Q: 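Right, I'll just put the structure down here and ask away after.
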Amino acid sequence: MTDEADVTDARLTDVRLTDPELARSLEGDFTSAHADVNGTTLHYVSGGSGEPLVLLGGWPQTWWQFHKIMPELARHYRVIAVDLRGMGGSAKPAGGYDKKTMARDVHELIRHLGHDSVHLAGHDIGAMVAYAYAANHPEATRKLAVLDVAHPDEWMRKLPLLPENGADWREGPGIYLWWFAFNQVKGLPERLLEGRADLLNDWLFTYQLKDPASIGEHARAVYTRAYSTAAAIRAGNGWYQAFTQDIADFATYERVRAPILGLGGETNYAYLQDRLAAHGTDVRVLAVPDSGHYLPEEQPDFVIEKLTEFLG
């Protein structure tokens, strides 16, 4: 019989789950690298050729969440998939998890790589950072794709955390975001989840996927490895603990003028359509059929098609 701790330890030491090996496993001559920018260190994976396209992922994942779409996108673009501050192979400093600072991280990385402007596609937390990038660095933004989540604004304070009247978690008009509150509690999540991140990850994937098998065991092992330490859990919590600052920052932004494409899963499409209409001046929002929250892994062909149509 295999002990659960032994399985987790195997994930942590499996060389096939390291970023260099993961990058090499993708078609498109992808390579893994690091850069010191904005007082921190970011990990990124790049490959392909053409106009630069930056991919920014979310919690509780890494750049690997784009692995199903990166090879095809690399046929058209120079693809740069970035681990945000606190994510995966990037550094996990004590602070700087507001989306404006994280956007500055990405901007400095892009300049470090020799690009004046880029396309951006962000999912989840990465969508928030991508929007903050476009709002704060409009001259460096070509087109912006926002996947399933909008930047925090005052409306975020109305998001439901729990179902009403004892309803089932899968019933109701939307997702019940109890982890938004859980991640606000400083010091506790890392004590509960260190070495046990797979328990939370598996629950989230099952809850927010139409087809739980679309994030397979290998990908789940990658994410478990990335969030196995107290530092990684604390950093991911930091993205949520900065929401109040993000809302305040958003209130100072003008509406983004770069073209915006929103892609929303079945649960979040209406919310995304409503919020993005107020966030940009040139916005189109599409529903991703038969998909939950994790669009690039659940419906990669649709995401590839709509991104390439939008980006040109």
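Keep in mind the model is a prediction, meaning the values are calculated, not measured. Both backbone and side-chain heavy atoms feed into the values below; hydrogens, waters and symmetry mates do not.
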Q: Using only heavy-atom distances, determine whether the side chains of His293 and Thr267 contain a donor-acceptor pair under 3.5 Å.
A: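 The criterion, which ignores hydrogens and geometry beyond distance, is not satisfied for Thr267 and His293.
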Q: May I ask you to say whether Glu154 pairs ionically with Arg157, meaning some side-chain N is under 4.0 Å from a carboxylate O?
A: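 Arg157 and Glu154: salt-bridged.
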Q: Find out whether Phe180 and Leu161 are in side-chain contact, i.e. whether some heavy atom of one side chain is under 4.5 Å from a heavy atom of the other.
A: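 Contact flag for Phe180/Leu161 side chains = yes.
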Q: Restricting to non-hydrogen atoms, name the atom on Phe302 and the atom on Ala287 that form the minimum distance, rounded to 0.1 Å.
A: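 Minimum heavy-atom separation between Phe302 and Ala287: CZ-O, 3.5 Å.
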Q: What are the two closest heavy atoms between Pro296 and Ile69, and how far apart are they?
A: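 Distance-wise, the nearest heavy atoms are O-CG2, 3.8 Å.
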Q: Give a yes or no on whether a salt bridge exists between Asp249 and Lys99, defined as a side-chain N under 4.0 angstrom from a carboxylate O.
A: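 Here Asp249 does not pair with Lys99 in a salt bridge, since their nearest N and O are not under 4.0 Å apart.
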Q: With ring centroids as reference points, do Trp59 and His123 lie under 6.0 angstrom apart?
A: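 Not under 6.0 Å, so no.
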Q: When you check the gap from the basic side-chain N to the acidic O, do Arg275 and Asp153 get nearer than 4.0 Å?
A: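 Salt bridge: yes.
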Q: Check for me whether the distance between the ring centres of Tyr253 and His279 falls short of 6.0 Å.
A: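 No, the ring of Tyr253 stays outside the 6.0 Å limit from the ring of His279, centre to centre.
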Q: If only atom types and distance count, is the side chain of Ser90 paired as donor or acceptor with the main-chain N or O of His43 below 3.5 Å?
A: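 Present.
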Q: Where do Thr101 and Asn38 come nearest, in terms of heavy atoms and distance?
A: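 In terms of heavy atoms, the two residues are closest at O-ND2, 3.6 Å.
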Q: May I ask you to decide whether Arg111 forms a salt bridge with Glu108, counting only side-chain N to carboxylate O separations under 4.0 Å?
A: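 Here Arg111 does not pair with Glu108 in a salt bridge, since their nearest N and O are not under 4.0 Å apart.
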Q: Does the distance from a Lys or Arg side-chain N to an Asp or Glu carboxylate O, for Glu51 and Arg78, drop under 4.0 Å?
A: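 Not counted as a salt bridge, because no side-chain N and carboxylate O are separated by less than 4.0 Å.
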Q: Under the criterion side chain to side chain contact (heavy atoms under 4.5 Å, CB included), which of Ile215, Asn268, Ile175 is the partner of Gln208?
A: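 With Gln208 as partner, Ile215, Asn268, Ile175 yield a single side chain to side chain contact (heavy atoms under 4.5 Å, CB included), made by Ile175.
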Q: Do Trp179 and Trp239 make the cut of ring centroids closer than 6.0 angstrom?
A: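 No, the ring of Trp179 stays outside the 6.0 Å limit from the ring of Trp239, centre to centre.
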